[in-house]
2 protein chains.
Amino acid sequence: MRDASPQGIYKVQALDRAFAVLDLLGESDTPLGLAQVASSLQLHKSTAHRFLMVLERHHMVERTSSGKFRLGLRLFDFGNRAIEQYDLRERAQPHLRRLVAETEETAHLCILEQARVIYIDKIEPARSVRMITRIGSSNPVHCTSVGKAILAFLPEDRIEEVIRRTRFERFTHRTIANAEALRAEIEKTHRRGYAVDDEELEEGLRCIAVPLLDAQRQPVAAVSVSGPSFRVTAQKLPSIANHLLHCVRGIAHDMGYTSSSRGSRAAWTA
Amino acid sequence: MRDASPQGIYKVQALDRAFAVLDLLGESDTPLGLAQVASSLQLHKSTAHRFLMVLERHHMVERTSSGKFRLGLRLFDFGNRAIEQYDLRERAQPHLRRLVAETEETAHLCILEQARVIYIDKIEPARSVRMITRIGSSNPVHCTSVGKAILAFLPEDRIEEVIRRTRFERFTHRTIANAEALRAEIEKTHRRGYAVDDEELEEGLRCIAVPLLDAQRQPVAAVSVSGPSFRVTAQKLPSIANHLLHCVRGIAHDMGYTSSSRGSRAAWTA
DNA sequence: ACGCATATCTCATATTTTGAGAGACTGTCT
DNA sequence: AGACAGTCTCTCAAAATATGAGATATGCGT
């Protein structure tokens, strides 16, 4: 739905429908009955039923005791396999834990997928206000520190590509509203070495992020620290940034991104 | 494949095939090319190609730079949504962290799905031998402490149902080999209050688990501590069990399983 | 006990998927 | 260089597949 493939489009109706069902169940925070699924998706009862039965056989959905449907645990399995192939998450976790211990605020690990950032992991300090982010969910780049952190270290053409695909949705009155402003912010971020989201996604929430660069000095992810603005004050930013830099340095090391400063393959892009 | 549905079977070939593709990619720890997928699944090139294109459009698979396919991040999103509906995981995490800090061994959180236990979460101590468990993966009940812990507190008929569906696969020479032995072990576990897996799944690995009981005193999950046998010694078991009990008590409290000792609805099952 | 709403199931129809094969690449060997 | 061996893309007629109208069954509320 999101992207109209440039070339000829391949269709398998059954798959589109099945994923629509999963989507629907994933969106809904309460299990849905057959009838609800069928009508929401404009499928006929029998069709919806057949799909749900097949999905259930594969444990992609499961039924509550009341006979309603919700997402199944097979998806959880698949999801973990999917993320494992990146294996960034596992290696990063100890470093994130330390970061949280040091800053006592929530840490996030994100990667850039298409033109959005996906939350790969989240670590919360012992006692804190629960953050609403769900691991696996995504946000646009223009309103997140992680998005800006990654963007700022991407090559020019990739930056422009991402910007072009960004809709500049507004979340608060501080949300960056256009490509121009974003470019300026990116520029600033690059110079400073860390990115800041000053209540641009959510009122009262301030985040700060730094990118994780691979051996070719390309950003593959970003780590952020987020907390209420009254705790994450402007004065603290440099100190937090230091913790962040230390953290990503550790991750980079564990990932084998030997920053043996034989860099400068930077110009090469693709 | 795993379960022959009792009643009439519903089929949607396309879905079975699509999931077979995802399965294949999930099993493989290296991305696969079109040809490999096609031949592994006995699909014709064009068919496999079409499926992969559609799956890619849905971000269920993605292509590496070399054009090979691997699982996509949409699955990660779905997986997290699926697990969120249980929300046990999030609430349990702080307690598991404490448990790991106390015992300095790996902690697992599992639930029973059908006749197997699924790993919902894993917390590892700062420095330890990496355990091979993948979150989201599953194991049979007969060779895991978590399996036995849950089983031991299930009503008789559920126990028998699970046992009936267990294949008693052998993993080490200590693996419980038949229903009889498992029943005895269950009995023992119930009396003792905690379950032990003494190198029954893996040579040199000892685990100990206790169940998490809901308001109706039904087991909904189990928490375990696992470590090398030379560290997790027989002498330490009672002490670890205490930490475990403390941990699940905390989780139960957070989940609102007010154990207001107005229990004894135990006889009621369904 | 009745009726409404929901789920389950069957089967002939035609829509949708299928797969053979031809084309377009890519890189590898001689 | 040239040609081979391996990929991946794409088209289209054939047919097997999924479809959905509707009939049946189940269950819930009053």
Side-chain angles (χ1 to χ4, degrees), chain A residues 1 3-25 28 30-72 268-270, chain B residues 1 3-25 28 30-72 270:
Chain A
M1 312 249 120
D3 51 4
S5 292
Q7 315 233 104
I9 183 138
Y10 292 84
K11 251 199 93 173
V12 176
Q13 191 191 57
L15 284 191
D16 289 338
R17 287 177 161 186
F19 292 136
V21 169
L22 293 182
D23 250 328
L24 183 68
L25 294 177
S28 159
T30 142
L32 301 175
L34 167 60
Q36 291 172 284
V37 172
S39 77
S40 300
L41 295 161
Q42 316 232 70
L43 293 178
H44 288 246
K45 287 195 297 200
S46 350
T47 308
H49 181 249
R50 185 159 12 89
F51 272 103
L52 285 166
M53 295 313 268
V54 174
L55 288 171
E56 188 187 22
R57 180 156 50 79
H58 286 276
H59 299 275
M60 305 304 275
V61 308
E62 59 184 42
R63 321 189 68 153
T64 62
S65 45
S66 56
K68 295 194 184 296
F69 296 91
R70 66 172 167 197
L71 294 182
W268 179 89
T269 321
Chain B
M1 314 253 121
D3 51 5
S5 292
Q7 315 235 103
I9 184 133
Y10 291 85
K11 251 200 94 174
V12 175
Q13 192 191 56
L15 285 190
D16 289 337
R17 287 177 161 184
F19 292 137
V21 170
L22 294 181
D23 249 327
L24 182 69
L25 294 176
S28 159
T30 145
L32 301 176
L34 167 60
Q36 291 172 286
V37 173
S39 77
S40 300
L41 294 161
Q42 317 231 68
L43 293 178
H44 287 247
K45 287 195 297 204
S46 352
T47 308
H49 181 251
R50 187 162 5 94
F51 272 102
L52 285 165
M53 297 312 269
V54 175
L55 288 171
E56 188 188 24
R57 181 157 48 79
H58 287 276
H59 299 274
M60 305 304 275
V61 309
E62 59 184 43
R63 321 190 67 152
T64 62
S65 44
S66 57
K68 297 194 185 292
F69 296 91
R70 66 171 166 199
L71 294 182

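In the text below, chain A, chain B and the rest are named by the order of the sequence lines, each starting its count at 1.
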* Choose from D/dA21, D/dC10, C/dT18 the nucleotide whose nearest atom is closest to any side-chain atom of A/His44. =>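 Between D/dA21, D/dC10, C/dT18, the one nearest the side chain of A/His44 would be D/dA21.
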* Asked: Of the candidate nucleotides D/dG20, D/dC8, C/dC9, which contains the atom at the shortest distance from the side chain of A/His49?
  ->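 Looking only at heavy atoms from C-beta outward on A/His49, the closest nucleotide is C/dC9.
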* Contact class for A/Phe69 vs. all strands (heavy atom < 4.0 Å): base, sugar-phosphate, or nothing? ->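 It contacts nothing in the nucleic acid.
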* Within the structure shown, what part of the strands sits under 4.0 Å from B/Gly33 by heavy-atom distance: base, sugar-phosphate, or nothing? -> sugar-phosphate
In whole angstroms, how far is the [atom2] atom of [N] from the [atom1] atom of [X]?
| X | N | atom1 | atom2 | result |
| --- | --- | --- | --- | --- |
| B/Lys45 | D/dC12 | NZ | P | 18 Å |
| B/Glu56 | D/dT9 | CD | P | 9 Å |
| B/Gln36 | D/dT7 | CD | C1' | 11 Å |
| A/Tyr10 | C/dT16 | OH | P | 19 Å |
| A/Leu32 | C/dT6 | CG | C1' | 14 Å |
| B/Leu15 | D/dA18 | CG | C1' | 11 Å |
| A/Leu34 | C/dC9 | CG | C1' | 12 Å |
| B/Phe51 | C/dT16 | CZ | P | 15 Å |

* Is there a donor and acceptor pair, one atom on the side chain of B/Ser46 and one on the base of C/dA20, closer than 3.5 Å? -> yes
Indicate whether OP1 or OP2 belonging to [N] is found under 4.0 Å from a side-chain N or O atom of [X].
| X | N | value |
| --- | --- | --- |
| A/Arg17 | D/dA18 | no |
| B/Gln13 | C/dT18 | yes |
| B/Thr47 | C/dG19 | yes |
| A/Arg50 | D/dT17 | no |

* Test item: B/Arg57 side-chain N/O and A/Tyr10 main-chain N/O as donor-acceptor pair under 3.5 Å ->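 Here the side-chain-to-backbone pair exists.
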* Is the backbone of B/Leu41 close enough, under 3.5 Å, to the side chain of B/Arg17 for a donor and an acceptor to pair up by distance? ->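 No, because the side chain of B/Arg17 does not come within donor-acceptor range (under 3.5 Å) of the backbone of B/Leu41.
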* Asked: Taking all atoms of both residues into account, what is the closest heavy-atom pair of A/Gln36 and A/Pro31, and its distance?
  ->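 Looking at all heavy atoms of both residues, the shortest contact is OE1-O, 4.4 Å.
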* Asked: Looking at B/Phe19 and A/Leu55, what are the two nearest heavy atoms and their distance?
  ->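 The pair with the smallest heavy-atom distance is CZ-CD2, 3.6 Å.
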* Flag side-chain contact, heavy atom, 4.5 Å: A/Arg50 against A/His44 ->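 A/Arg50 does not reach A/His44 side chain to side chain.
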* Relative to the 5' end of DNA chain C, which residue comes earlier, A/Met53 or A/Ala14, by the nucleotide with the nearest heavy atom? ->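 Nearest nucleotide further toward 5': that of A/Met53.
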